[in-house]
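Quick notes on the structure that follows.
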Amino acid sequence: MEILSSFIVFEGLDGAGTTTQAARLAGYYGSTGRACHLTNEPTSNPIGTLIRKILKKEISTTPEALAMLYAADRSDHLYNPEYGIVRMLEEGNTVISDRYFYSSIAYQSIDCDSSLVRMINAYPSPEFLIFIDTPAEECMERIEKRGGEKELFDRLEFLRQVRSNYLSQLDKLPSGVHAAVIDGRKPIDEIGEEVRAFLSPFGF
Ligand code: TYD
């Protein structure tokens with residue numbers, strides 16, 4: 001099992017606060033002079049852009065096609081020779097990603113065969129995985145407060161299932177992956193402090 005050193009992944013339900021916390025950590029590294037690259041999935045590259053159109057229901061496809069698109073977006077995100085995560089790591093950056101393959105296993109396994117989802121997501125693991133654990137009910141409230149159109153996966157029952165799929169992944173991580181589960185109901189600052197307290201013993 002390959003592990004990418006200096007690669008930090010944030011995961012959580014829609015509305016859990018992963019984007020806020022990934023950005024805060026990147027901001028902190030920036031202020032301390034650590035070379036850092038902040039990124040996210042789905043990406044804003046061509047395959048990720050196509051995925052976002054599907055999420056907005058501008059185009060429709062099958063759950064399997066969507067699962068394969070997420071996996072394809074991820075391959076490009078990791079290995080693109082110009083902007084890929086592997087290249088960023090090789091250049092000495094700490095890479096922070098808002099979502100990675102754990103999202104695919106948690107979300108796509110609901111509508112697709114989970115062994116297919118796992119097979120097409122046999123990508124290297126990150127050194128650090130931070131799960132911002134916000135209950136599905138609270139996430140739905142936050143999504144509703146944000147306003148705008150609901151996306152494909154913004155449904156309470158669905159998010160409950162997603163959370164349970166995340167928790168089962170956390171139970172069987174390879175030994176080299178350091179994982180933290182942080183209560184996403186806490187204030188933003190407190191979560192930020194917990195993230196740093198988790199990473200700092202490792203020199204991050
Ligand atoms: P999200 O992080 O919510 O993007 P943004 O907040 O910028 O719109 O991700 C979009 C949706 O895609 C979200 O519902 C989670 C889902 N998703 C998957 O289902 N599988 C995946 O592999 C990834 C990366 C995301």
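Remember, it's 1-based here, ligands and their atoms both numbered in the order they're listed.
Under 4.0 Å from ligand 1, the heavy atoms of Leu55 that appear belong solely to its side chain.
Atom 6 (O) of ligand 1 is not flagged as protein-proximal [any protein heavy atom, distance under 4.0 Å].
Inclusion of Ser104 in the set of residues having an N or O under 3.5 Å from an N or O of ligand 1 is warranted. Residue-to-ligand polar distances keep Thr19 apart from ligand 1: every N/O pair is separated by 3.5 Å or more. The N/O atoms of Asp14, backbone and side chain alike, include one that comes under 3.5 Å of an N/O atom in ligand 1. For ligand 1, one of its N or O atoms has an N or O atom of Tyr70 under 3.5 Å away. Residue Asp98 has no N or O atom closer than 3.5 Å to an N or O atom of ligand 1.
Here the heavy atom of the protein found nearest to atom 24 (C) of ligand 1 is Arg74 NH2, 3.5 Å. Nearest to atom 19 (O) of ligand 1 among the protein's heavy atoms is Gln108 NE2, 2.9 Å. Protein heavy atom closest to atom 4 (O) of ligand 1, with residue, atom name and distance, is Arg52 NH1, 3.5 Å. When only non-hydrogen protein atoms are considered, atom 1 (P) of ligand 1 lies nearest to Arg99 NE, 3.5 Å.
For Arg74 and Tyr123, the positive end is not near the middle of the six-membered ring at less than 6.0 Å and at most 45° from its axis.
Between atom CG of residue Leu55 and atom CD of residue Glu58 there is a gap of 10.0 Å, rounded to the nearest 0.5 Å.
You'll find the ring centres of Phe128 and Phe7 outside the 6.0 Å limit.
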> After noting the C-alpha distance and the side-chain angles of Arg196 and Glu193, does the key distance pass the salt bridge (Lys or Arg N to Asp or Glu O under 4.0 Å) rule?
Replying inline: CA-CA 5 Å; Arg196 293 214 300 276; Glu193 277 162 28; 5.8 Å; no
> Would His77 and Thr39 count as a side chain to side chain donor-acceptor pair (under 3.5 Å) if you check the C-alpha gap in whole Å, the side-chain angles of each, and the deciding distance to 0.1 Å?
Replying inline: CA-CA 9 Å; His77 192 209; Thr39 185; 2.6 Å; yes
>> Using the rule given for side chain to side chain donor-acceptor pair (under 3.5 Å), can you reason through Asn121 versus Tyr102, listing the C-alpha separation, both sets of side-chain angles and the distance that settles it, and then say yes or no?
In response: CA-CA 9 Å; Asn121 280 288; Tyr102 305 97; over 6 Å; no
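There is no side-chain donor-acceptor pair under 3.5 Å between Asn165 and Gln169.
Below 30°, between 30° and 60°, or above 60°: for Tyr166 and Tyr107 the angle between ring planes is above 60°, a perpendicular geometry.
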